[in-house]
Amino acid sequence: MAPINANDINDAKAFVPAKKVLPEVETEAANGNGNSSKGYSYETLLEIANFLLSRISVKPHIGIICGSGMGSLAESITESESISYEDIPNFPVSTVEGHHGKLVFGKISGVPVVAMQGRFHYYEGYPLWKCCLPVRVMKLLGVKTLIATNAAGGLNPSYKIGDVMIVKDHINMMGFAGNNPLHGPNDERFGPRFPPMSKAYNYEYRNIAKEVAKELNIDNIVKEGVYTCLGGPNFETVAELNMLKMVGVDAVGMSTVHEVITARHCDLNVFALSLITNECVTSYENNDEANHEEVLDVGRMRQDILRLFVNKLVERFALIEAKNP
Ligand SMILES: O=P(O)(O)O[C@@H]1C[C@H](O)[C@@H](CO)O1
């Protein structure tokens, strides 16, 4: 594919020329804790995008992030071209079981997509900007809509293991402590210094998802609620979970929120869903303990339904995109 540069990006609105070029990457070693606040420059991200374009035949319109144990979402992709994270210059690598570590390009129902089979988490040691770097790369590749999926613990007492929660909103707990993927100098070519988040999860797409759930006859397991992300890697204490429940959280996980913030900052449409893989333990009398094996098992158990659901959503979201180019 022809390379892109700062002047021929699809969405001119979101990529107005910057007043000045920001300094190149501050190395993670710079402050010792991996929390460099500058991130990669626009130019470095363009290089990554151009590297990918040189290896693929179709530019993606929709990006999918596969949650823990949900990598099989990428198996529906036809005409697929996979690129391992290790082979992409300046790309992080996956270190968590259930995250394969590759980008899969191709089509779902004729719609050009890219799926991340493996996301990056803060607890792996990556600063939040680096966890979200692929979202900016997707934007540079021409993606208009992000579908983020995750595994999460159910806090809402009406949720059952295997339910699918359409994310209506999030609470950025890590942001309360000042940890935000947009922390550091802002490059206006991606988006504004102070992006709004009151419409983070596209209302129309959420309604479409509810319609699709009915059409597929899975509306009994599809819910809608509020997600939060904690830093992990430990699962939460009983007191923490009770606090989250009190403030209105329906499902808790360790991802997605920062990806969505990054996506909205660069004006992507966002849809997200959580697979409820375990019921959060909110009483000391309950002897259950959350564990990653169960999370992966539930992902496997629900893989066919999730694939069907996400495939239909891709089809429907692409129709909306076509109406609003
Ligand atoms: O990548 P996601 O958010 O789907 O993964 C969740 C959170 C942890 O990474 C892991 C815990 O089992 O699953």
Are the side chains of Lys245 and Thr282 in contact, using a 4.5 Å heavy-atom criterion? yes

Does a side-chain N-to-carboxylate-O contact under 4.0 Å join Glu81 and Arg55? no

Roughly how far, to the nearest 0.5 Å, is CD of Glu259 from CZ of Arg136? 13.5 Å

The side chain to side chain donor-acceptor pair (under 3.5 Å) partner of Ser72 among Gln303, Gln117, His100 is Gln303

Can you say whether the rings of Tyr201 and His170 are parallel (under 30°), tilted (30 to 60°) or perpendicular (over 60°)? perpendicular

If we count only N and O atoms by modelled type, under 3.5 Å, do the side chains of Thr277 and Glu294 hold a donor and an acceptor together? no

Walk me through whether Asn150 and Thr256 qualify under side chain to side chain donor-acceptor pair (under 3.5 Å). CA-CA 7 Å; Asn150 62 59; Thr256 308; 2.9 Å; yes

Go through the side-chain N and O atoms of Asn186 and His265 and say whether any donor and acceptor fall under 3.5 Å apart. yes

With Phe190 as reference, evaluate Tyr40, Tyr42, Trp129 under the ring-ring contact (aromatic ring centres under 6.0 Å, His included) test and give the passing residue. Tyr42

Can you see whether Asn179 engages Tyr122 through a side-chain donor-acceptor pair at a distance of less than 3.5 angstrom? yes

For the residue pair Phe309 and Phe271, categorise the inter-ring angle as parallel (less than 30°), tilted (30 to 60°) or perpendicular (more than 60°). perpendicular

Do the side chains of Arg307 and Asp304 get close enough for a salt bridge, i.e. N-O under 4.0 angstrom? yes

Evaluate whether atom CG of Asn220 has more than 12 neighbouring non-hydrogen atoms of other residues, nucleotides or ligands under 6.0 angstrom away. yes

Hey, is OH on Tyr203 packed in by over 12 heavy atoms from elsewhere, all under 6.0 Å? no

Please evaluate residues Arg316 and Glu211 with respect to the criterion salt bridge (Lys or Arg N to Asp or Glu O under 4.0 Å), reporting the C-alpha separation (whole Å), side-chain torsions for both, the decisive distance (0.1 Å), and the verdict. CA-CA 10 Å; Arg316 296 285 294 272; Glu211 273 170 38; 2.6 Å; yes

Apply side chain to side chain contact (heavy atoms under 4.5 Å, CB included) to the pair Lys223 and Val164, showing each step before the final yes or no. CA-CA 6 Å; Lys223 315 281 156 78; Val164 176; over 6 Å; no

